[in-house]
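We count ligands from 1, going down the list as the structure has it; atoms in each ligand are counted the same way. It should be emphasised that the depicted structure is a prediction, and the values quoted were computed from it without experimental measurement.
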Amino acid sequence: MAELDRTRTEVDVPGDWTYASAPESRDIVRIADSYGYYVGGEWLEPAETYETIAPRDEEPLAAIGQATAEDVGRAVVAAREAFADGWSALPGSERAKYLFRIARILQERSREFAVLESLNGGKPIKESRDVDIPLAAAHFFYYAGWADKLEYAFPNRRPRPVGVAGQIIPWNFPLLMLAWKIAPALACGNTVVLKPAETTPLTALLFCDVLRQAELPAGVVNIVTGDGRTGAAIVEHEDIDKIAFTGSTEVGKAIQRHVAGTGKRLTLELGGKAANIVFDDAALDQAVEGIVNGIYFNQGHVCCAGSRLFVQESIYEPLVAKLERRLTTLRVGDPLDKNTDVGAINSAAQLEKIQELVASGIEEGAEIYQPPCVLPEKGYWFVPTVFTNVAQSYRIAQEEIFGPVLSVLTFRTPEEAVEKANNTPYGLSAGVWTEKGSRILWMAQRLRAGVVWANTFNRFDPGSPFGGYKESGFGREGGRHGLEPYLRFDE
Ligand code: NDP
C-alpha cells in the first residue's frame with residue numbers, strides 16, 4: 001500500500017489539458033478577387049458589387065455582384081430556354097446522371113468546400129466537413145435516385161415539371177440549403193434561378209464550377225448574388241413558376257403576400273423556437289450532449305435549434321449543473337481549427353440581434369450563465385449562454401434568437417410539457433428525452449412540430465421530410481415529399 005501511494009504521487013500528471021491548435025490549411029481554396037453571376041453557363045459582369053468577408057476576423061474575401069432586376073431577368077430567360085430546349089424533356093435516367101455526377105464531384109472536392117464554407121460563414125470546420133458538405137452530396141445522390149422513378153413515387157398521376165424555380169436561401173447552411181433546393185428541382189425536370197444569402201455567397205459560386213465539371217447543360221442552374229433586393233426581384237419576376245424560400249418568417253410573410261393570386265407555387269421554410277423536453281427517466285449525460293448539440297451546433301444559427309429546454313422539475317438541479325459543467329468544456333474560436341466546437345457569429349447584424357435579445361432576458365429577470373471564455377479580439381463572437389429562471393412570456397422564450405443562447409424552463413407532467421412546448425407561434429421541430437417508448441409516441445402525437453426527435457436532436461437525412469407548421473412555414477423538403485412542390489399533375 002505504501003509502495004502504491006508513493007508511486008501515485010510520483011506520476012507527473014499534467015495540470016492543464018488544453019488542446020493545441022489544429023488549424024485546417026486554407027491553401028486548398030482559391031478565391032477570386034471578384035465574382036459575377038452564373039447565367040446560361042457563363043459569367044456575367046456585375047455593374048455593382050459589395051464585399052463578402054470572413055466573420056472570424058472581418059478579412060475581406062471577394063467582391064460580389066449585386067444583381068439587379070435586369071440581371072435576374074437574364075437569368076430567368078436562360079432558365080426558361082434551358083427548360084424548353086431539352087432539360088424538361090430529357091428522360092429521368094439522363095437527368096439522374098448529371099445529379100450523380102454533381103454528387104460525386106462534391107464528394108471529391110469536399111475539403112475545398114468545407115474550408116470555404118467555414119471561412120465565409122464562420123461555422124467550425126468539423127461541422128462543415130462532417131455535416132454540411134457530406135449531407136449536401138447525399139441530397140444530390142438521393143434525388144438522383146428519384147429522377148427516373150417519379151411515376152412510381154406518384155402512381156397514376158402523370159408527374160411533370162413545373163418550369164422555372166426561383167430559389168432564395170439563407171446564410172446558416174449555404175451549400176446544404178442550395179442542395180436542398182436544387183437537387184429535387186432538377187430531378188423533377190425544372191430549371192433554376194438561385195440566390196444565396198448576401199453574407200455567404202462563396203460556396204454557391206464555387207458550386208458553379210462543379211456544374212461546369214459535370215457538364216450540366218447551360219441555363220439549367222443560374223446563380224445570381226445580391227441582398228434582399230435581388231431576392232425580391234426573383235419573387236416579383238413574372239416568368240417564374242415556383243418560389244422556394246428559406247429564411248425569416250417576416251420575409252416569408254412578405255413573399256406570401258406578393259405571390260398570392262399570381263398562380264406561382266410557393267414553399268416556405270421559416271423560423272423556429274423548438275422545445276427540447278427532458279423527462280426524469282432520461283439518460284442525463286446523453287441528454288446533456290443532445291441539448292448542447294441542439295442549441296450550440298452552428299452557433300445556434302439553426303432554424304430547428306432546441307432553443308427552449310423543458311426539464312422535468314425533479315431533475316432540474318442535477319441537469320442544469322451537468323449542463324453548465326459541460327459548457328465549460330466547449331471550445332469557442334477559430335472556425336478553421338479542427339478542435340473548435342463553437343465558431344464565429346455569421347455577421348455583425350446577427351451579433352447585434354443576439355446581444356439585444358440577451359440583454360432583454362437579463363432585463364426581464366432571467367438568470368444568465370456563461371462559462372469562462374476568452375474570445376478572439378477581431379471578428380464576431382458570442383459566448384455560449386444558458387438562461388435559467390425563465391418565464392414563458394419572456395422574449396428569450398418567445399422570439400427566435402438564432403444564436404448560442406438556451407432558455408431553460410420546467411414542467412411537472414407530460415400534459416404540462418406539451419402545453420408549454422406548443423405555446424409558440426412556430427412549429428418546426430421538437431425533441432423528447434425519455435426511456436419510455438410509449439411516452440415518446442404519446443408526445444410526438446401531441447407536439448405541433450414538423451419533426452420530433454426522440455433521444456437525439458438535429459439529425460438530418462435526405463430521405464426524411466423536413467418543414468414546419470404555423471409560422472414556421474409550409475411545404476416539405478427532403479424525402480419523397482420534397483419532390484411534390486416541383487411537380488404538376490394536371491393533364
Ligand atoms: P432573411 O429572411 O432576411 O433572408 C433569407 C434570404 O432571403 C436571404 O437570401 C435574403 O437575402 C433574402 N431576402 C431578404 N429580403 C428579401 C425579400 N424582401 N424578398 C426576397 N428575398 C429576400 O433571413 P436571414 O438570412 O436573416 O436568416 C435567418 C432567419 O431565417 C431566421 O429567422 C431563421 O429562422 C430562418 N431560417 C429558416 C430555416 C428553415 O429551414 N426553416 C433555415 C435557415 C434560416 P440577404 O441575404 O441579402 O438578406
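- When heavy-atom distances to ligand 1 are checked against a 4.0 Å cut-off, E250 has no atom that comes that close, whether in backbone or side chain.
- Residues F297 and V131 form a side-chain contact, since some pair of their non-hydrogen atoms from C-beta on lies under 4.5 Å apart.
- The nearest pair of heavy atoms linking P201 to T52 is CD-OG1, 3.6 Å.
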Verdict with reasoning, K123 to D132, per side chain to side chain contact (heavy atoms under 4.5 Å, CB included) | CA-CA 10 Å; K123 64 175 65 200; D132 293 57; 2.5 Å; yes
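- With a heavy-atom cut-off of 4.0 Å, L270 touches ligand 1 through its backbone alone.
- Atom 30 (O) of ligand 1 has G247 C, 2.8 Å as its closest protein atom, hydrogens excluded (heavy atom only).
- In this structure, K242 satisfies the cation-pi test against Y486, with its NZ or CZ atom closer than 6.0 Å to the six-membered ring centre and inside 45 degrees of the ring normal.
- Going from atom CG of L106 over to atom CG of L178 covers 8.5 Å, rounded to the nearest 0.5 Å.
- Residue E269 approaches ligand 1 through these ligand atoms, each under 4.0 Å from one of its heavy atoms: 37 (C), 38 (C), 39 (C), 40 (O), 41 (N).
- Here's the thing with G228: one of its N/O atoms is less than 3.5 angstrom from an N/O atom of ligand 1.
- Polar contact check, L428 against ligand 1: no nitrogen or oxygen pair lies under 3.5 Å apart.
- If you check which protein heavy atom lies closest to atom 46 (O) of ligand 1, you get E198 N, 2.7 Å.
- Under 4.0 Å from ligand 1, the heavy atoms of F245 that appear belong solely to its side chain.
- When the options W171, Y426, F173 are ranked by their closest heavy atom to atom 27 (O) of ligand 1, first place goes to W171.
- Between the side chain of H139 and the backbone N or O of L135, at least one donor-acceptor pair lies under 3.5 Å.
- Between S248 and ligand 1, a contact under 3.5 Å exists for at least one N or O pair.
- The protein non-hydrogen atom at the shortest distance from atom 9 (O) of ligand 1 is I169 O, 2.7 Å.
- For W433 (side chain) and A454 (main-chain N/O), no donor-acceptor pair under 3.5 Å exists by modelled atom type.
- Judged by a 6.0 Å distance limit and a 45° cone about the ring axis, R480 is positioned over the six-membered ring of F154.
- At a 4.0 Å heavy-atom cut-off, ligand 1 does not touch T230 at all.
- Regarding atom 12 (C) of ligand 1, its nearest protein heavy-atom neighbour is I168 CG2, 3.6 Å.
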